[in-house]
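To keep things clear, I will list the structure first and then write my remarks on it.
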Amino acid sequence: MASQPAPPPAASAPGGLTPAQLAFFEENGYLLVPAWLSPEDMAAMRASAEGVVASFEPSTVSVFSTNEQTRTSDAYFLGSGDQVRCFFEERAFGPDGALTRPKEEAINKIGHNMHELLPPFRAVSFDPRIAAVCRSLGFEKPLVVQSMYIMKNAFVGGEVKPHVDGAFLYTRPQTCVGFWWPLEDCTTSNGCLWAVPGSHRTPVRRRFRRGSDPAGPATVFEPPEPEALDTAGAVPLEIPAGTLVLLHAALVHYSEANTSDRSRHAYSIHLVEGGKGVEYPASNWLQRPGGPAAFPALYDAAGGSA
Ligand code: FE2
């Protein structure tokens with residue numbers, strides 16, 4: 001196991017990234033900023049997420065075995081860009097389509113618009129420090145396109161295979177940046193993130209998108225051939241709750257299953273460039289009813305404040 005490079009010192013908010021932090025990010029494709037979230041931030045987000053789960057009625061999406069139900073499930077996922085919806089662990093259902101455990105323990109994540117619809121998540125997502133980081137990274141008009149609350153529940157939280165976020169939040173050229181915060185301390189036993197330092201220098205080669213054939217699958221990979229991402233040199237990000245992990249679009253990262261008796265809740269947002277002539281394709285899986293212009297911007301350096 002490779003040792004984890006020591007992160008540079010934290011920036012003094014709200015000044016954005018220090019030159020040392022920016023250099024670390026550009027060299028490694030990720031960056032750790034300790035103690036970004038306060039205990040109050042984390043408690044408020046956790047309580048809000050618990051409220052979403054408590055009011056969630058799973059019967060509408062609990063069976064996946066027929067074509068009609070697959071279409072229902074696809075529509076539920078593809079229509080979540082401006083909603084707050086719950087998604088289950090793959091193995092949460094028995095052969096009869098019923099949940100095999102309480103819904104609180106069976107949910108994989110909530111997505112994909114907590115950042116606009118739920119106040120505790122909105123407060124964290126639109127914190128001026130995030131705009132300051134985006135200015136450091138050279139964004140002209142950063143759009144917050146997606147938020148997720150990831151449960152990674154004790155014993156059942158599944159692995160997330162090696163991937164790059166730019167495959168899922170694709171722009172031409174690539175501009176996606178992820179902000180990821182654990183709300184609980186992360187270790188290798190409760191499924192911490194693993195990152196492959198420097199892997200972001202390899203361009204994104206495979207994209208997840210809406211299918212173009214109405215009779216075919218709702219989502220496809222392009223090209224369809226599986227891609228074996230190299231995870232040599234991966235480092236475990238064993239970090240305290242509240243640490244910010246900044247993730248480059250092309251950084252290879254993953255997490256293992258949670259085999260511990262502790263959950264590993266996390267919140268993340270992803271931003272893409274909405275200026276500079278960058279294209280957000282209509283074939284991306286994540287869409288808003290109003291098109292890309294409906295994604296909220298942190299600021300617009302070219303066209304005034306947003
Ligand atoms: Fe990811």
Side-chain angles (χ1 to χ4, degrees), residues 5 7 16-17 21-33 81 109 111-112 115 125 130-148 150 160-181 193-210 219-223 226-231 233-235 237 244-255 266-288 292 295-299 301:
L17 301 179
Q21 287 178 312
L22 196 54
F24 186 95
F25 182 71
E26 289 173 351
E27 175 71 16
N28 293 284
Y30 74 96
L31 174 71
L32 306 179
V33 184
K109 67 180 176 187
H112 289 92
H115 57 290
S125 307
I130 294 183
V133 169
C134 288
R135 286 193 170 90
S136 299
L137 295 173
F139 273 92
E140 180 179 283
K141 184 181 180 183
L143 305 177
V144 189
V145 294
Q146 168 185 282
S147 49
M148 295 191 291
I150 304 150
V160 176
K161 293 185 184 300
H163 66 280
V164 297
D165 292 345
F168 298 89
L169 299 164
Y170 181 79
T171 61
R172 298 187 184 99
Q174 284 285 352
T175 58
C176 164
V177 174
F179 289 68
W180 189 98
W181 298 271
L193 277 187
W194 290 71
V196 183
S199 56
H200 65 300
R201 292 193 204 96
T202 300
V204 177
R205 292 171 296 207
R206 188 169 183 248
R207 175 189 167 213
F208 180 78
R209 53 163 291 173
R210 292 179 183 235
T219 55
V220 296
F221 279 95
E222 179 184 276
E227 178 183 28
L229 294 168
D230 186 1
T231 58
V235 295
L237 305 183
L244 166 63
V245 184
L246 198 61
L247 298 161
H248 186 282
L251 178 81
V252 177
H253 61 285
Y254 60 95
S255 64
Y267 178 60
S268 74
I269 59 173
H270 284 84
L271 296 96
V272 303
E273 176 63 80
K276 298 182 175 179
V278 169
E279 179 195 0
Y280 187 90
S283 53
N284 278 5
W285 82 264
L286 177 71
Q287 299 291 335
R288 287 289 182 101
F295 290 124
L298 296 185
Y299 60 84

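FYI, the numbering just counts along the sequence from 1. Both backbone and side-chain heavy atoms feed into the values below; hydrogens, waters and symmetry mates do not.
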Item to check | Aromatic ring pairing F24/Y30, orientation class (parallel under 30°, perpendicular over 60°, tilted between) | outcome: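 Geometry flag for Y30 against F24: perpendicular rings.
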Write down the atom of [X], the atom of [Y], and the distance for their closest heavy-atom approach.
| X | Y | result |
| --- | --- | --- |
| A297 | L143 | CB-CD2, 3.8 Å |
| S136 | L17 | OG-N, 2.8 Å |
| A195 | L251 | CB-CD2, 4.0 Å |
| G16 | A132 | N-CB, 3.4 Å |
| A249 | Q174 | CB-OE1, 3.8 Å |
| V164 | A250 | CG1-O, 3.4 Å |

Next on the checklist: Looking only at the aromatic ring of each residue, does the gap between the centers of W285 and H112 stay below 6.0 angstrom?
Outcome noted: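 For H112 and W285, the ring centres are under 6.0 Å apart.
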Please examine the side chains of [Y] and [X], heavy atoms only from C-beta on, and report whether any two atoms are closer than 4.5 Å.
| X | Y | value |
| --- | --- | --- |
| L286 | L169 | yes |
| W194 | T231 | no |
| L137 | F25 | yes |
| K109 | S268 | no |
| F139 | V177 | yes |

Is it true that a side-chain atom of [X] and a backbone atom of [Y] form a donor plus acceptor pair closer than 3.5 Å?
| X | Y | value |
| --- | --- | --- |
| E273 | K141 | yes |
| H248 | G198 | no |
| E140 | K276 | yes |
| Y299 | R135 | yes |

Set of residues satisfying side-chain contact (heavy atoms from CB on, under 4.5 Å) with respect to [X], sequence neighbours excluded:
| X | answer |
| --- | --- |
| R201 | E27 |
| Q287 | R210, Y280, N284 |
| S283 | R207, R209, P281 |
| V160 | K152, H163, S255 |

Item to check | Passing candidate, side chain to side chain contact (heavy atoms under 4.5 Å, CB included) with W180, options I150, L237, I269, D165 | outcome: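 Going through I150, L237, I269, D165 one by one, the side chain to side chain contact (heavy atoms under 4.5 Å, CB included) with W180 is satisfied by I150 alone.
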Next on the checklist: Testing L22, L244, L246, V133 one by one against L31 for a side chain to side chain contact (heavy atoms under 4.5 Å, CB included), which residue passes?
Outcome noted: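 So the option named by the test is L246.
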Item to check | Partners passing side-chain hydrogen bond (donor to acceptor under 3.5 Å, both in side chains) against S199 (at least two apart in sequence or in another chain) | outcome: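 Listed in chain order: nothing, the list is empty.
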Item to check | Residue list, side-chain hydrogen bond (donor to acceptor under 3.5 Å, both in side chains) with T219, at least two apart or on another chain | outcome: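 Expected list: none.
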Checklist entry - Can S125 and H115 be counted as having a side-chain donor-acceptor contact under 3.5 angstrom? => result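 No donor-acceptor contact under 3.5 Å links the two side chains.
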Next on the checklist: Against E227, only a single residue in K161, R205, R206 fulfils salt bridge (Lys or Arg N to Asp or Glu O under 4.0 Å); can you say which?
Outcome noted: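 The residue from K161, R205, R206 that satisfies salt bridge (Lys or Arg N to Asp or Glu O under 4.0 Å) with E227 turns out to be R205.
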